[in-house]
Amino acid sequence: MKKTQKFVLGALALGVSAVAFAQGSTFLTIGSGSTTGVYFPVATGMAKMINDSGAGLRANARSTGGSVFNMNALGTGELDMAIVQNDVAFYAYKGTGIQAFEGKANNKVRSLAVLYPEVLHVLARKDAKINSIADLRGKRVVIGDLGSGTEQTARQVLEAYGLKFDDLGQALRVSPAQGITLMQDKRADALFYTVGVGASAISQIAQTVDVKLVPVSGNQASALIKKYPFYVRYNIPAKSYKGIGATVPGVAVQATLVTTTALSEDAVYKAMKAIFGDEKGLKALHPSVATNYSDAKAVKGLPAPLHAGALKFWKEQGQNVR
């Protein structure tokens with residue numbers, strides 16, 4: 001009888017503790033992207049850093065359709081934080097640029113940090129004889145999921161070369177994973193994918209298909225950057241993928257961690273401290289972060305104002321922010 005009483009009392013105590021813990025915790029869902037990209041492992045790693053911090057926060061990462069989906073989901077409260085392209089976040093904040101955001105400005109969007117360059121990969125089968133973006137005319141091209149950041153990037157890059165989606169033989173709006181299958185099956189000639197260098201999806205296809213990276217350079221790159229200042233020049237290093245023997249000039253946007261004002265200053269500050277207060281741990285999440293991240297770069301090219309909690313954190317780190 002005594003043992004039974006002790007067990008019941010112990011169980012009750014544990015139950016009360018669990019409820020108290022749950023009531024005292026803030027739960028965060030971090031939106032990422034395809035599981036074959038860079039967003040997903042980075043978001044998953046960040047969630048673990050938050051959970052391990054003991055700061056009274058609990059976090060999990062979700063695989064999603066990418067930047068446009070993430071911005072819409074932040075607006076509805078389905079996500080609390082997300083990794084997105086900085087240009088897409090800006091368009092959502094301003095309510096312009098992308099059809100999904102037109103006339104629906106979300107002035108509650110707030111920036112946390114720039115993470116790394118998201119490089120436009122234009123991958124073509126060698127047997128498709130595509131040497132320039134201009135050669136995509138009449139070809140079967142994967143342009144990303146409908147409404148994705150990659151689709152927007154593809155549209156803008158084609159525009160710089162005097163092309164529209166209608167000039168393609170076929171504009172294939174599918175996920176990166178589906179696009180790779182189409183390339184492997186010879187049902188697609190080329191693929192646009194805005195992602196960190198070293199993405200598993202690109203590595204996978206380079207291992208199984210003879211491919212080349214198509215450059216974005218010269219006057220066309222200059223015109224693109226002038227019209228859309230979120231882009232920066234970025235050279236994809238030689239040997240980044242199998243069969244890519246030389247440096248390939250290209251362009252990139254920036255992968256950025258964002259949230260909204262719905263998240264409290266305290267929760268954001270604690271999350272920032274857990275993630276960005278451990279630079280070594282952060283850089284261990286993925287080579288794209290390891291190679292490109294720094295605190296100084298983290299506050300440059302932000303698409304929306306800093307969240308109050310992030311502002312507090314970055315000021316403590318000695319960054320010139322406001």
Side-chain angles (χ1 to χ4, degrees), residues 31-43 61-73 79 82-85 87-88 91-92 97-101 118-130 133 135-159 161 163-214 216 236 241 250-253 255:
S32 60
S34 164
T35 56
T36 59
V38 179
Y39 283 9
F40 185 70
V42 172
R62 249 184 72 188
S63 174
T64 72
S67 295
V68 174
F69 174 91
N70 289 349
M71 293 310 304
N72 284 330
L79 296 175
I83 303 176
V84 298
Q85 292 178 200
D87 57 332
V88 174
Y91 294 139
I98 295 178
Q99 189 172 354
F101 305 146
E118 280 202 271
V119 183
L120 173 63
H121 293 69
V122 186
L123 206 65
R125 292 183 60 95
K126 283 186 179 177
D127 57 16
K129 298 180 180 178
I130 296 168
I133 298 296
D135 295 335
L136 294 176
R137 184 186 295 273
K139 301 292 186 180
R140 301 164 301 173
V141 185
V142 176
I143 59 171
D145 270 324
L146 182 65
S148 67
T150 292
E151 182 195 28
Q152 182 71 2
T153 301
R155 179 184 287 109
Q156 292 167 351
V157 170
L158 287 169
E159 175 189 71
Y161 284 79
L163 298 176
K164 297 179 180 178
F165 287 155
D166 289 345
D167 295 314
L168 304 175
Q170 203 176 353
L172 302 165
R173 288 179 170 87
V174 296
S175 70
Q178 292 170 310
I180 287 164
T181 300
L182 292 176
M183 291 274 282
Q184 289 169 331
D185 294 346
K186 296 188 177 182
R187 289 184 287 156
D189 303 305
L191 174 145
F192 278 83
Y193 192 11
T194 309
V195 69
V197 172
S200 62
I202 306 292
S203 297
Q204 177 190 333
I205 194 170
Q207 292 288 337
T208 56
V209 179
D210 283 336
V211 293
K212 63 169 65 174
L213 283 169
V214 183
V216 178
I236 300 175
Y241 306 100
V251 294
V253 287

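Here the structure is a predicted model, which means the values were calculated and not measured.
When each of Thr153, Leu136, Val142, Leu123 is tested with Phe192 by the rule side chain to side chain contact (heavy atoms under 4.5 Å, CB included), just one qualifies, namely Leu136. The only option from Leu168, Asp189, Leu182 that meets the side chain to side chain contact (heavy atoms under 4.5 Å, CB included) definition with Arg140 turns out to be Asp189.
Across all their heavy atoms, Gln85 and Ser67 have their closest contact at N-OG, 3.0 Å. Ser32 and Phe40 make their closest contact through OG-CD1, 3.4 Å (heavy atoms, listed as atom of the first residue, atom of the second, distance). The two residues Ala190 and Ile130 make their nearest non-hydrogen contact at CB-CD1, 4.0 Å. Ala100 and Val68 make their closest contact through CB-CG1, 4.1 Å (heavy atoms, listed as atom of the first residue, atom of the second, distance). Looking at every heavy atom in both residues, Gly179 comes nearest to Val174 through N-CG2, 3.7 Å. Here the closest non-hydrogen pair linking Tyr193 and Gly37 is OH-CA, 3.3 Å.
With Thr194 contributing its side chain and Val119 its backbone, the two residues share no donor-acceptor pair below 3.5 Å. Side-chain atoms of Lys139 come within 3.5 Å of backbone atoms of Ala128 as a donor-acceptor pair (strictly under, hydrogens ignored). Ser200 places a side-chain N or O within 3.5 Å of a backbone atom of Thr36 that can act as its donor or acceptor partner.
Looking only at side-chain heavy atoms (C-beta outward), Val84 and Met71 come within less than 4.5 Å of each other. Here the side chains of Glu159 and Lys164 are not in contact, with every heavy-atom distance at 4.5 Å or above. Side-chain contact between Tyr39 and Val195 is absent, with no heavy atoms from C-beta onward closer than 4.5 Å. In this structure the side chain of Asp210 never reaches within 4.5 angstrom of the side chain of Arg125, judged on heavy atoms. Between Val122 and Ile133 the shortest side-chain heavy-atom distance falls below 4.5 Å.
Note that CG of Leu172 is 12.0 Å distant from CG of Asp145, once rounded to the nearest 0.5 Å. One distance of note links CD1 of Ile180 with CD1 of Ile205; it measures 5.5 Å at 0.5 Å rounding. Atom CD of Gln152 sits about 10.5 Å away from atom CD of Gln99, to the nearest 0.5 Å. Here the CG atom belonging to Leu120 is positioned 8.0 Å from the OG1 atom belonging to Thr150, to the nearest 0.5 angstrom.
One side chain, Gln184 or Thr208, offers a donor N or O that lies under 3.5 Å from an acceptor on the other.
Salt-bridge formation is detected for the pair Arg187/Asp185: a Lys NZ or Arg NE/NH1/NH2 atom is positioned less than 4.0 Å from an Asp or Glu carboxylate oxygen. A salt bridge links Arg137 with Asp167: the closest approach of a Lys/Arg side-chain nitrogen to an acidic carboxylate oxygen falls below 4.0 angstrom.
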Val209 and Met183: CA distance, side-chain angles, deciding distance, side chain to side chain contact (heavy atoms under 4.5 Å, CB included) verdict: CA-CA 8 Å; Val209 179; Met183 291 274 282; 5.6 Å; no
Worked verdict on Asn70 versus Ile83 for side chain to side chain contact (heavy atoms under 4.5 Å, CB included): CA-CA 8 Å; Asn70 289 349; Ile83 303 176; 5.5 Å; no
Verdict with supporting geometry, Gln170 and Val141, side chain to side chain contact (heavy atoms under 4.5 Å, CB included): CA-CA 6 Å; Gln170 203 176 353; Val141 185; over 6 Å; no
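Listed by first then second residue, pairs satisfying side chain to side chain donor-acceptor pair (under 3.5 Å) with a partner in residues 172-182 read Glu151-Arg173, Ser175-Gln178, not counting sequence neighbours.
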